[in-house]
Amino acid sequence: MKNRLLILLSIAAIGISCVKEESLSEPGATANDLTAKLVGNTVSGDDASSVLICIEGDIENLQAKEAYEGFEFEPVFGKASSAAAKRHNLDKWYKVNFDEDISAAQAAEILAKAKEVRKVQYNSSVGQLRSEMHPYEQVMTKGANVPVSFNDPFFPEQWSLNNDGTVAASAVAGADIAVKDAWTLCAGSRDVTVAIIDGGISYIHEDLKNSMWINAAEKDGTSGVDDDGNGYVDDIYGYNFIKDNGKINAATAGEGAPGHGTHVAGIIGAENNNGKGISGIAGGTGNGDGVRLMSCQIFQGTFNPTVETIARSFIYAADNGAAIASCSFGSPAGDTFYYDSDNLYKAQAGVEYDAIQYFMDPANANCSAVEGNIIVFSTGNNGLDKAGYPGALKDVIGVSAFAPDFLPTSYTNYGPGTNISAPGGDYYADAGTASVKGMILSTVPNGLTGTVPHSESKQYGYMQGTSQACPHVSGVAALGMSYALELGRTFSREEFVSMLLSSTNGMNSRLNGTKQTKKADGRSYVDWTLNLDDYYGNMGTGSVDAWKFLMQIEGTPSILAKAGETLEVDLREYMGGNAADLTYLGIDVSKTASDALGLDTAPAIENGTLKLTCSKVGSGKITVRAIAGGDNLGGGDAIGGMEFSREISIVSRPFATRNGGWL
């Protein structure tokens, strides 16, 4: 086993928590006792004063033994009395505290001797990444008049939401998540809560304060009291698991990734149409209808989380209403690959794995539209051909990153464990030319060099990494849940995830030859050549597409068109086997759809073949009307057929499959 390292997956230099070797010293203890039961790291962190154990049987029997005098046993997950909690062993995990006279290794050896102890896991601290953040500077002029219904002033600079090809010389129009047109159908729901398991969220930020999940019982209750009885005191906007209190802290001196949690939160749920800052993927319409953001803080300043900290955050999120967990962190892959397979992760991740399974258990579903919660993880920033865990785990969605040129970034992990791709940003979107505009713009807290002043917060900044790709997928998932709620539809977790993963734009046609770029090397960048053939078939199912996802949720068939080329579609699949012989009454296209698709010439039908040309990259729906049963409509004094219609989604993208379709 290798030492555990947890990283925030925005580009930066890596810091690792220190570890030390301990010798077996407890009389009667053997190496086999501990080796057989140890999960996780082989040694504890320098400042470890506790270990975690998973037991069989009654904890009182263990506590009563003289060998454990001076040990304090406390349940990791509180009462954990529900059927789901017991199903995932939450009632069996205990934290064992001890004084400084004994080392964690010695305590682990003693505990491993007990027959009641099934697993021993060091409560190791884990390191985080130093993130690179650039303050917002408005220099873009092109694209400022992008047609969108929201009035957020910085939206034109959010290429990941609407890439018009002007952000960089290499940028490709349409290399985005296609959310602009999706907003005409749904922009979010207050009944969907996304847990940001990350650094703290600046809950007083002008673009986030109205998007925060709020525990009303605690907000209106008595300070210092667990008003709602959930086991957490003053958890108004979530909980600070680092400090074990309800005081969310968005940025502190020495923080490895300053403002990271706030940046991730803004991508998902910054308030839309408020005349301020940026647009959030599921940030609503400005009418109090965007998704809610729950801050589950596991990073703060120089304080690193322990494995217990991370596990507790998943339980809290599940028990307090989160339907999606957005997790921009993970263990590094490649030469420092911590787990080599899902089975090894399951066997060795211990308390963390059980907590993840609990979050996804259908009994804990927190959105009526999906029978089970969703977890989205970054795949990692090692630039290697495998995802890091937990993102590589088959039960969660692992996200890789692409740049404005619709090509992989130099830092992104890819290959096994990567399920889908999303915009992650690229400081060197054009090789040799540094520009923050190729990165991802989002919210950041004030006071990045000190404690956030709780008077106002209205800053924005750029970051890049699979940390930024992850919340793009989380945001689209939240948008899909919101739309399913609006339509009154319900899906199993597997159905929902399958629709999300199949709602993508293909990238393989672009993945040949090489790409000249730069790659982070410590705190500097070096020239780098990407062999794009290495990424062929290794970027998951493709780039996430919000419009396609909403179409799948509502059950509307979609046809993929290549912008600038005439599309011809055989209507037999949509209008029946005799489509070529039907009498068509017309094709209805709204002005919104026509403008989005650039339909300069009206669509036409010839011999059962639909013909249309999209001059723009966009999405919209058309309705084809025809007569079933004759050449004329019946009714009144006439005998004839019945009018029927079929709504079809047209998706215009820069690249299309040869057959002109995607489903």
Hey, does I214 have a side-chain heavy atom less than 4.5 Å from the side chain of Y203?
no
Passing candidate, side-chain contact (heavy atoms from CB on, under 4.5 Å) with T504, options N419, T541, D545
T541
Taking the side chain as every heavy atom from C-beta outward, state whether P408 and M539 have any pair of such atoms under 4.5 Å apart.
yes
Any donor-acceptor pair under 3.5 Å from N512 side chain to S509 backbone
yes
When the ring centroid of Y358 is compared with that of F77, is the distance short of 6.0 Å?
no
Any donor-acceptor N or O pair under 3.5 Å, side chains S82, R87:
no
Quick check: do H472 and I267 have side-chain heavy atoms less than 4.5 Å from each other?
yes
Quick one: are D198 and Q297 in side-chain contact, heavy atoms under 4.5 Å?
no
Test of ring centre spacing under 6.0 Å for F155 and W183
yes
Closest approach of G199 and S295, non-hydrogen atoms and distance?
O-OG, 4.4 Å
N413 and G383 have their tightest heavy-atom pair at OD1-N, 3.0 Å
Could you go through the side chain to side chain donor-acceptor pair (under 3.5 Å) check for K515 and N531 one step at a time?
CA-CA 7 Å; K515 170 184 174 177; N531 181 3; over 6 Å; no
Kindly indicate, with the supporting measurements, whether the criterion side chain to side chain contact (heavy atoms under 4.5 Å, CB included) is fulfilled by N538 and D385.
CA-CA 8 Å; N538 287 316; D385 59 353; over 6 Å; no
Does the pair N162 and D176 meet the rule for a side chain to side chain donor-acceptor pair (under 3.5 Å), with working shown?
CA-CA 6 Å; N162 186 78; D176 52 44; 5.6 Å; no
Any donor and acceptor pair, going by atom type alone, linking the side chain of S170 with main-chain N or O of A429 inside 3.5 Å?
yes
Is it the case that the side chains of Q552 and S502 hold a donor-acceptor pair, with the cut-off being a distance below 3.5 Å and no angle test?
yes
Test side chain to side chain donor-acceptor pair (under 3.5 Å) applied to Y462 and E157, step by step:
CA-CA 11 Å; Y462 298 87; E157 300 186 41; 3.2 Å; yes
Side-chain heavy atoms of C296 within contact of F314, under 4.5 Å:
no
Where S160 and I440 come nearest, the two heavy atoms and their spacing
CB-CD1, 3.9 Å
For I281 and V476, work out which heavy atoms get closest and say how close.
CG2-N, 3.8 Å
Do S189 and M481 come close enough that some side-chain heavy atom pair is under 4.5 Å?
no
Side chains of D534 and Y414: does their closest heavy-atom pair fall under 4.5 Å?
yes
Are the aromatic rings of F329 and F377 close, with centres under 6.0 Å apart?
yes
Going by atom types only, do S467 and H260 share a side-chain donor-acceptor pair under 3.5 Å?
yes
Option passing side-chain hydrogen bond (donor to acceptor under 3.5 Å, both in side chains) with T412 (candidates S378, S400, S421)
S400
So I375 and I356, do their side chains get closer than 4.5 Å, heavy atoms only?
yes
Can a salt bridge be assigned to the pair D289 and R190 using a cut-off of 4.0 Å between side-chain N and carboxylate O?
no
Residues in side-chain contact (heavy atoms from CB on, under 4.5 Å) with E371, at least two apart?
T490, S492
Would you list the pairs meeting salt bridge (Lys or Arg N to Asp or Glu O under 4.0 Å) in which at least one residue belongs to residues 307-322, sequence neighbours left out?
K95-E308, D244-R312
Yes or no on side chain to side chain contact (heavy atoms under 4.5 Å, CB included) for Y237 and L293, after CA distance, side-chain angles and deciding distance?
CA-CA 8 Å; Y237 304 103; L293 304 170; over 6 Å; no
Does D354 reach the main-chain N or O of L90 with its side chain, forming a donor-acceptor pair under 3.5 Å?
no
Under 3.5 Å side-chain donor-acceptor pair for D235 and Y316:
yes
Check against side chain to side chain contact (heavy atoms under 4.5 Å, CB included), V172 and R510:
CA-CA 11 Å; V172 173; R510 298 271 293 162; 3.5 Å; yes
